[in-house]
Amino acid sequence: MASLSLRHIYKKYPGGVTAVSDFNLEIKDKEFLVLVGPSGCGKTTTLRMIAGLEEITEGELYIGDVLVNDVAPKDRKIAMVFQNYALYPHMTVFENMAFALKLSKTPKAEIKQRVEEAARILDISHLLERKPKALSGGQKQRVALGRAIVRNPKVFLLDEPLSNLDAKLRATMRTELTKLHNRVETTFVYVTHDQVEAMTMATRIVVMKDGLIQQVDAPQTLYDMPVNLFVAGFIGTPQMNFMPGKLEKKENGLYFCFEGFEVKLPEEKAANPDLAEYIGKEVIAGLRPEGIYDDAANLSLYSDAVVEANVEVTELMGAEIYLYLHVGEEQSLIARVPNHSQSRAGETIKIAMNTAKMHIFDKDTEKCICH
């Protein structure tokens, strides 16, 4: 097993294009690390540099204690699982899984034992004699994982391995991958643009944008304490509501004012020294959809933070309802409320905001001032 160390890694292409900038990260042994971000943010390029499929322009990459910048991919003791599975169509499942072992002159008996063990772990023993064309997407994905497992790699690299599966199978495979990680106790580095995959599987998440790391943290910490507007908006479904407005100091406390409404911030937030220099200035407040309420109990509880809103659309999601709201002239909001909500499209309702869960961001730098 192995840890990974990426030190000041850059990837620059001819023509002045920098895909990854000053990437610094220590990945612990047996960690399940997920790289997440929008298309083109550099996450797959980073994974390919770890695999040795892309040359590192600057910086140092260590697997364990070994500097591997100039080590060939086959000698790095890593295994990669691709988005398109990359199975050989003319070979059986057994032959696909055994291929790398045959190339490395592993004895036949050991190949058989390793392939059968991996097939048992992945519940594909009954498929070993089939060809890839006779497999479903989920089965192909398991074969691709099996081909990686048999090599006993120090590090698993997975590049959007679930993106070709349907929603239900993707949810199942997420659970299977988490179980597999616990079973094989190897370091996993996983790339996805799907933040649900990141939140459900990772021990830590790296959020990337434009080749730069924005934040590295445990999933819940990322959700509760995003460092900037980008991370706050990227993590969470539906995404966080952002409200441009002003901080105003009054005799009885500190208020966030927007669209003609004033909501009072809790005393512990108002006392935050970082907010002092922003009084009278424009800021952006962020509040997740579950922090907006339309029921009488919460309207009473958060009476200092009640505003009027027009309900534009309601979406029943089963256990909950998403309310698409409009406040004042321009502000759109999404509230996530219980499925017994009485709010209906076309109505004007009162909503309460849980200001204890409100984040305040600097309008210019987009950094979070306080949580």
Side-chain angles (χ1 to χ4, degrees), residues 199 219-226 229 232-233 235-276 278-279 282-361 368-371:
M199 289 293 287
Q220 197 62 50
T221 309
L222 271 184
Y223 190 82
D224 294 335
M225 292 189 282
L229 271 178
I235 299 291
T237 308
Q239 80 160 44
M240 186 182 283
N241 296 294
F242 295 121
M243 299 163 274
K246 252 185 186 177
L247 286 181
E248 300 286 357
K249 184 88 171 164
K250 303 202 172 187
E251 276 183 31
N252 64 338
L254 187 63
Y255 286 79
F256 173 68
C257 307
F258 75 111
E259 294 291 346
F261 294 99
E262 299 174 342
V263 297
K264 189 179 180 187
L265 298 181
E267 284 177 21
E268 58 272 20
K269 260 197 178 58
N272 188 320
D274 294 336
L275 283 183
Y278 288 91
I279 291 168
E282 291 190 356
V283 293
I284 295 172
L287 186 61
R288 296 210 178 272
E290 59 269 27
I292 299 176
Y293 314 113
D294 67 341
D295 60 292
N298 279 305
L299 285 166
S300 169
L301 186 61
Y302 298 100
S303 56
D304 288 336
V306 172
V307 303
E308 260 189 10
N310 297 315
V311 183
E312 297 190 314
V313 177
T314 65
E315 282 184 351
L316 175 62
M317 306 301 287
E320 57 200 10
I321 293 173
Y322 295 167
L323 301 179
Y324 291 81
L325 308 166
H326 202 80
V327 175
E329 294 286 311
E330 296 183 353
Q331 184 65 56
S332 295
L333 298 173
I334 302 176
R336 176 192 272 160
V337 296
N339 62 2
H340 51 72
S341 164
Q342 298 302 304
S343 299
R344 298 291 177 264
E347 292 180 347
T348 298
I349 62 168
K350 282 190 161 52
I351 55 169
M353 297 185 171
N354 184 343
T355 46
K357 292 188 175 179
M358 192 176 268
H359 309 266
I360 308 294
F361 298 92
C368 191
I369 307 160
C370 85
H371 297 293

Inset, instruction - Under the ring pair (Phe, Tyr, Trp, His ring centres under 6.0 Å) rule, collect the residues that match up with His326, sequence neighbours excluded. - result: none
Inset, instruction - Evaluate the side-chain proximity of Leu333 to Met243: yes if any heavy-atom separation is below 4.5 Å, no if none is. - result: yes
Side chains of residues 347-354: which donor-acceptor partners sit under 3.5 Å, not counting sequence neighbours?
from: Glu347; atom 1: OE1; to: Arg344; atom 2: N; distance (Å): 3.1
from: Thr348; atom 1: OG1; to: Asn310; atom 2: OD1; distance (Å): 2.7
from: Asn354; atom 1: OD1; to: Ala356; atom 2: N; distance (Å): 3.2
from: Asn354; atom 1: ND2; to: Tyr293; atom 2: OH; distance (Å): 3.1
from: Asn354; atom 1: ND2; to: Tyr302; atom 2: OH; distance (Å): 3.3

Inset, instruction - Apply the test side chain to side chain contact (heavy atoms under 4.5 Å, CB included) to residues Tyr278 and Ile360: give CA-CA distance (whole Å), side-chain angles for both, the deciding distance (0.1 Å), then the verdict. - result: CA-CA 10 Å; Tyr278 288 91; Ile360 308 294; over 6 Å; no
Legend entry - Side-chain (Glu329) to main-chain (Glu259) donor-acceptor, under 3.5 angstrom: no
Going by atom type alone, with no hydrogens or angles, which donor-acceptor pairs under 3.5 Å involve a side-chain atom of residues 250-257 and a protein atom two or more places apart or on another chain?
from: Lys250; atom 1: NZ; to: Glu262; atom 2: OE1; distance (Å): 3.0
from: Lys250; atom 1: NZ; to: Glu262; atom 2: OE2; distance (Å): 2.5
from: Asn252; atom 1: OD1; to: Tyr255; atom 2: OH; distance (Å): 3.3
from: Asn252; atom 1: ND2; to: Tyr255; atom 2: OH; distance (Å): 3.0

Inset, instruction - May I ask you to decide if His340's main-chain N or O and Gln342's side chain share a donor-acceptor pair within less than 3.5 Å? - result: yes
Legend entry - Rounded distance [0.5 Å steps], CE in Met240 versus CD1 in Ile284: 12.0 Å
Inset, instruction - Could you list all the salt bridge (Lys or Arg N to Asp or Glu O under 4.0 Å) pairs where at least one residue sits in residues 287-298, not counting sequence neighbours? - result: Glu290-Arg336
Legend entry - Any pair counted as side chain to side chain donor-acceptor pair (under 3.5 Å), so long as it reaches residues 266-275, sequence neighbours left out: none
Inset, instruction - Could you check if a side-chain atom of Leu325 sits within less than 4.5 angstrom of a side-chain atom of Val311, using non-hydrogen atoms only? - result: yes
Inset, instruction - Side-chain contact test, heavy atoms from C-beta onward, threshold under 4.5 Å: evaluate it for Pro266 versus Met358 and give yes or no. - result: no
Inset, instruction - Report yes if some heavy atom in the side chain of Val327 is under 4.5 Å from a heavy atom in the side chain of Phe261; otherwise report no. - result: yes
Legend entry - With sequence neighbours excluded, residues passing salt bridge (charged side-chain N to carboxylate O under 4.0 Å, His left out) with Glu282: Lys363
Legend entry - Nearest heavy-atom neighbours spanning Phe361 and Ile369: C-CD1, 3.6 Å
